[in-house]
Amino acid sequence: MQVPAPFEYERATSVDHAIGLLERLGSSARLVAGGHSLLPMMKLRLANFEYLIDINDLHDELGYVEVRHDEIRIGALTRHRELLESDELAEAFPIFRDAEKVIADPVVRNWGTLGGSLCQADPSEDLSAVCTTVGARCVIRGRDGERVVSMTEFHRGPYETAVGDDEILTEIRFPVRGGGGSAFEKVERRAGDWAVVSAGAAVWLDADGRIADARVGLAAVGPNTTGLPEISAALTGRDPSEELYDEAGRLAAQGCRPDTDMRGSEEYKRHLAGELTKRALRRSVERARERG
Amino acid sequence: MQVSMTVNGEEVTREIEGRLLLVHFLRDVLGLTGTHWGCDTSNCGTCVVWVDEKPVKSCTMLAAMAGGHEVRTVEGLAQNGELDPVQRGFMECHGLQCGFCTPGMMMTARALLNENPDPSPDEIREAISGQICRCTGYATIVRSVRWAAAYEADRAEAPAATTTGGAP
Ligand SMILES: Cc1cc2nc3c(=O)[nH]c(=O)nc-3n(C[C@H](O)[C@H](O)[C@H](O)COP(=O)(O)OP(=O)(O)OC[C@H]3O[C@@H](n4cnc5c(N)ncnc54)[C@H](O)[C@@H]3O)c2cc1C
Ligand code: FES
Ligand code: FES
């Protein structure tokens, strides 16, 4: 039987209360959101904390998807299921619905949260790849107020983020621009499993149908989810074409850093990184064109 | 610490350790052994119960986290001594063999039907995709849930008549 080591359980009643508790208890305390990453680690005793601070009562404060004309804001306690079911979000950035359909399974999606996914910083986390792709910025709150960091700054390494011991991730934000399309592709060994490799793409077309900007984010092929600026540089200003997707796929396969493990060999993962990048770009362009 | 929650409509309060998982609270503290416990790693789904009507893998939730919430287990599916149509469907269509996965399957199926009274076989498969039947009786589980959906549709049409349903 797997049981976490003993700890004290506390419930936060507001974001400020959570920060106050974290400040008092320091690194001996951890927030628990959905618990679907933290509790399995604590059951295996890979993680031990003296205090767990349950933030689920903050869902009213931190569970929301706000789609504005120029920016989208999503609260950290928004659950996978809420991301999946948001029509407004799917309309503006279909990459979220694509990804959420294949993240874990419906029961896990009832509880797992956006914030927990990003803060877990597992290199295979699909939502991190999505956030990297859409150019999300993370809002981190502490006693002295808020700071906003990019996804590159947010992920410091596997299971390590920019969130300090006495801070909480409250929101992610990303810009909405015209002419955009996005998509997510994933290969897993069986339904509900973590990715062998997954890839997100977002493309913005200008009035002439040329690529004004393009972004790709990969998961499970390096120490953190990987954004590939060289792909953005190669695609910007070009006309979408199969040759161009091939070129981007080659850059993805070369630029990532997968390891051989039980999910596949390094070679196979590079192949997938290339192929999934191509598919995600192709679908993003199709979607951008459909929306006009 | 003390925790209070509603389990199958009854208020319970117990002294527990913070680290106690909901599945063990239900089985060992309350004696509700209908909820099974299998993989212990949130992969098999035999431990699925509802918290505020949403299915959760209770091996991956602290009992403390369910405090103040409404929990429903397989013991709470039957109402007034009458089996839930999902339970009847599993009987009619051989939805169980060894029965190990059954409580979790039935809780997920009931939640699905509450949201979508007429799910397609694919929608049923998707709903139970995080749950494992080691007897591999998936086809009959899907049929059982379809049976329950058809039974409930019949009953809604002809509320007074007693109907036997019938496998769709
Ligand atoms: C069976 C199974 C399959 C899965 N499959 C996939 C998959 O295919 N793809 C995928 O991407 N994920 C998958 N997951 C992970 C799932 O998405 C988790 O729900 C998610 O990783 C963590 O979210 P959570 O809310 O449960 O976080 P928790 O477990 O509560 O927390 C995780 C970490 O984040 C910290 N944290 C949480 N919220 C905050 C916050 N607001 N501010 C600061 N720190 C915070 C916690 O302290 C903890 O360290 C799977 C999980 C399971 C159990
Ligand atoms: S025992 Fe909970 S999912 Fe298997
Ligand atoms: S009936 Fe035996 S595990 Fe499903």
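Below, chain A is the first sequence line, B the second, and so on; all start at residue 1. In what follows, every heavy atom counts, from backbone to side chain, and hydrogens, waters and symmetry copies are set aside. Source: prediction; values computed, not measured.
- Across all their heavy atoms, B:K54 and A:W111 have their closest contact at O-CZ2, 4.0 Å.
- Between chain B and the residues A:G34, A:P6, A:G35, the largest count of heavy-atom pairs under 4.5 Å involves A:P6.
- Looking at every heavy atom in both residues, B:M65 comes nearest to A:V32 through CE-CG2, 4.1 Å.
- Around the CD atom of B:Q2, the shell of radius 6.0 Å holds more than 12 heavy atoms that belong to other residues, nucleotides or ligands.
- The environment of CE in B:M91 is sparse: at most 12 heavy-atom neighbours from other residues, nucleotides or ligands sit within 6.0 Å.
- Contact annotation for B:V48: only side-chain heavy atoms (C-beta onward) come within less than 4.5 Å of a heavy atom of chain A.
- A donor-acceptor contact shorter than 3.5 Å is absent between the side chain of B:R19 and the backbone of A:M42.
- By the 4.5 Å heavy-atom criterion applied to side chains, B:T60 and A:P40 are counted as neighbours.
- Across A:V108, A:D193, A:D105, the residue that shares the most heavy-atom pairs under 4.5 angstrom with chain B is A:D105.
- For A:L38, no part lies under 4.5 angstrom from a heavy atom of chain B.
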Practice prompt. Could you please spell out the steps behind the side-chain contact (heavy atoms from CB on, under 4.5 Å) verdict for A:V3 and B:E17?
Written response: CA-CA 11 Å; A:V3 184; B:E17 271 193 280; over 6 Å; no
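- Residue B:E11 qualifies as enclosed at atom CD: its count of foreign heavy atoms under 6.0 Å is above 12.
- Per-residue heavy-atom pair counts under 4.5 Å with chain A were compared for B:G130, B:G18, B:A64, B:A111, and the maximum is reached by B:A64.
- Distance CG/A:N56 to CG/B:L62: 10.0 Å, rounded to 0.5 Å.
- At least one donor-acceptor pair under 3.5 Å links the side chain of A:N110 to the backbone N or O of B:P55.
- If you measure heavy-atom distances from B:A127 to chain A, the contacts under 4.5 Å come from the backbone alone.
- Residue A:E188 qualifies as enclosed at atom CD: its count of foreign heavy atoms under 6.0 Å is above 12.
- Note that CD1 of B:I16 is 9.0 Å distant from OH of A:Y9, once rounded to the nearest 0.5 Å.
- With a 4.5 Å cut-off on non-hydrogen atoms, A:Q2 touches chain B through its backbone and its side chain both.
- The distance from atom CZ of A:R190 to atom OG of B:S129, rounded to the nearest 0.5 Å, is 10.5 Å.
- Of the inter-residue distances, the one linking B:D40 atom CG with A:L44 atom CG reads 8.5 Å to the nearest 0.5 angstrom.
- Of the two parts of B:M1, only the side chain, counted from C-beta on, holds a non-hydrogen atom closer than 4.5 Å to a non-hydrogen atom of chain A.
- At a 4.5 Å heavy-atom cutoff, the contact between A:A5 and chain B is made by backbone atoms alone.
- Residues B:E126 and A:P106 come closest through the heavy atom pair O-CG, 3.2 Å.
- The environment of CD in A:E85 is crowded: more than 12 heavy-atom neighbours from other residues, nucleotides or ligands sit within 6.0 Å.
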